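See below for the structure under consideration.
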Amino acid sequence: MKFSKLGVVAVLSVIAVYIRAIYFTPFDALQGAAQKILYLHVPAAYIALYVAFGLIAIMSVLYLWLKDPKLDRVAASAAEVGFLFATVVLITGPLWARPVWGTFWTWDARLTLMLFLWFIYAAYNILRGAIDDFEMRARYSAVLGILGALLVPFIHLSVYMFRTLHPMPVLLKPSAPSMPSQMLTTLLCSIGAFTLLFIWLLRERYRLAEDRDAAMGALS
Amino acid sequence: MPPDELTQSVSRQAPGFLVSVFAIARKDMLIELRSRSVILSALAFAVLAITIFFFAWDPTAVASIDLAPGVLWVIFTFSGLLGLHRSFGVEQPTRAMDALLAAPVGREAIYLGKLLANLGFVIVVQAISLPAVALLYNVPIGNYVWPLIGVVLLAAVGLVAVGTLFSSMAVSTRLAELLLPLLSLPFFVPVILPAAQATARLMSGRAISEVAGYLDILAAFDVVFLVVCTLLYPYTLEQ
Amino acid sequence: MPQPSRHLLKAPGLQATDLARTFGGRRAVNGVSLTLQRGECLALFGPNGAGKTTLLRMLGGLLRPTSGTAAIEGMPLPGDVAVRARVGLVSHQTMLYDALTARENVEFAARIYGVVNPRNATTVVLEQLGASSYADVRVQALSRGMQQRVSVARAIVHRPSVLLADEPFTGLDAAGASALTAMLAALRDSGATIVIVTHNLDEALALCTSAAIMRDGRFVRLDHAPIPERDAYTALYRELSVDAA
């Protein structure tokens, strides 16, 4: 097994961020230690929703236009890694909610959005698994990718029409972010570390897809 | 057989787009009318849902009128799926789809024709379930029949637009029966959620202006997905 | 029917140049070239897996070729609506809707091909194929042979100028086969271009003006009229189309 430099850097940076998060970042006044899950939950959510899904959407449009199998492989890899990150969000969410809100699940706007995003990832991956022909699989995945990307804002909108318990946006607010600067730094670092992790996993998964396609004679 | 009879040219004009759409819609509806299999299962399911919902709640704690929106939208969604599954399924056994694809019919016309037929089916189910639920659950819908019909129709278009496209995709895969609901349900959420909320608000006597936001989302969803699904449909066909 | 422009009037009924189609790593059709004038009828023989069905699907506009070109009456394939309107497709799959009657099936085809009087055209073509007596019976209640006749009716109700028939005699009894042969001969005589894939040498050689043997995606033999004498051809066919397995 090859050790990729990127992988080493990614894993080390994740570890470094969590050491900082646990030992060197102040506790939240209201939520105590439970709040530390933020540094796991938020980056994973950010990547699953924007980075991975955005990548899938772009690759899907490009594939239908250019028909290059590489584009399909990137989309497929992003879908599997994104699914993993979405699962992390759905696990850390309830784990965080229980001590803080007293309940595991609340059907609040953002968790529900992530739940449906998880379903779309699941559907995408199962769809790919159900088709053996390379070309049809790539085409159908691209169609689903585009439709899924268009769906996300609609789910966002419709789910937001309910009351939300979720902490309101802290980072992407119009005014300056309202966290103490140390916490903010840790959060930004964890987002960076997770992004590195995502890129590393994406590359590994892409290489796996390439090898598999070559073995099946699809690379011409 | 004298060749003259055959050379008598059968006067032919390229069929217009709308003509093809309606011919295909009509054909699908005729097939369903003949076998009636799906409409009967949908109605059986509706009766089951209505009965179970009613008996599954404590009548002293929950008023039946509060259950009505839930029952209605469960019925519409699941019976809609029944109809959608059969939509492209009917072209499979004898490869009738090949004949459709070889014909001078635009690909988009095939999608829209089937969409129309599915819409017709869903509307029939709605037209029967809505009065049935109103009757059995004591819902006085007299005051807001028209807004309610508006909500129901807007939602039907959205469900059928994505459902028809996914039916076309699912039918050529290995897990067709699993994939259609799996693919469709995340897409049904931004339709069912506003529709059910709007229905609930109308039924509890709120003003129509309060449900305007939900109607806007439904209309926006319909427009966006009708256009995008029509454009994407040709990509679900063999190249 | 719109008049073809001057230079198309002389265009061959069907033309293919180096047509090829690959599925995954497999070349199903590997360079087929063919020119058929209007009124020509080609019998296409070959073992299973030779690529005959794939070739026909490309000519019928159902599949895009991986490389090479093809044209129907001068108009390139895969074509637009105008090209597809001139082609009729028959296969051993009936492509009929079992829940509908024979008449409804053929009328539907007439409608989507833009036939001006679908009811009339349907009645005429069902009569020509000897299927009038069961025109209003649902297809699922018909025997295989009857269904095949209805399927042919569906394919020719719009009087195609090119008919692609993939094993059209499947399931037909003697009466059905002779009705079909007569119909194909009449079509041919009225200037239509026909390609028939079949395993039945007798029927095909009686009907057709050209014959080809296909194997592993290519034509290993192509004879235009006059076709070599039947017995000699039968021996040649056996020799050239023995399965590799």
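Chain letters run A, B, ... following the sequence lines, proteins first and then strands; every chain starts at 1. Bear in mind the structure is a predicted one, so any value in this text is a computation, not a measurement.
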Please answer whether the main-chain N or O of [Y] pairs with a side-chain N or O of [X] as donor and acceptor at a distance below 3.5 Å.
X         : Y         : value
Arg38(C)  : Ala11(C)  : yes
Thr173(B) : Ala170(B) : yes
Arg154(C) : Leu96(C)  : no
Tyr111(B) : Leu231(B) : no

Close approach to chain C in residues 16-46 of chain B, criterion heavy atom under 4.5 Å:
Ala23(B), Ile24(B), Arg26(B), Lys27(B), Leu30(B), Ile31(B), Arg34(B)
I'd like to know if Arg188(C) and Glu40(C) make a salt bridge, using a cut-off of under 4.0 Å between side-chain N and carboxylate O.
no
Got a salt bridge between Asp166(C) and Arg57(C), using NZ or NE/NH1/NH2 to carboxylate O under 4.0 Å?
no
Proximity breakdown for [X] and chain B, heavy-atom pairs closer than 4.5 Å:
X         : result
Leu62(C)  : both
Arg21(C)  : side chain
Phe108(C) : side chain
Thr101(C) : both
Asp80(C)  : neither

Measure the acute angle between the ring planes of Trp73(B) and Phe76(B), then classify it against the limits of 30° and 60° as parallel, tilted or perpendicular.
perpendicular
Is any side-chain heavy atom of Ser184(B) closer than 4.5 Å to one of Leu81(B)?
yes
Would you say Leu56(C) and Val197(C) make side-chain contact, with heavy atoms under 4.5 Å?
yes
Among Arg138(C), Gln147(C), Glu107(C), single out the residue with the greatest number of heavy-atom pairs under 4.5 Å to chain B.
Arg138(C)
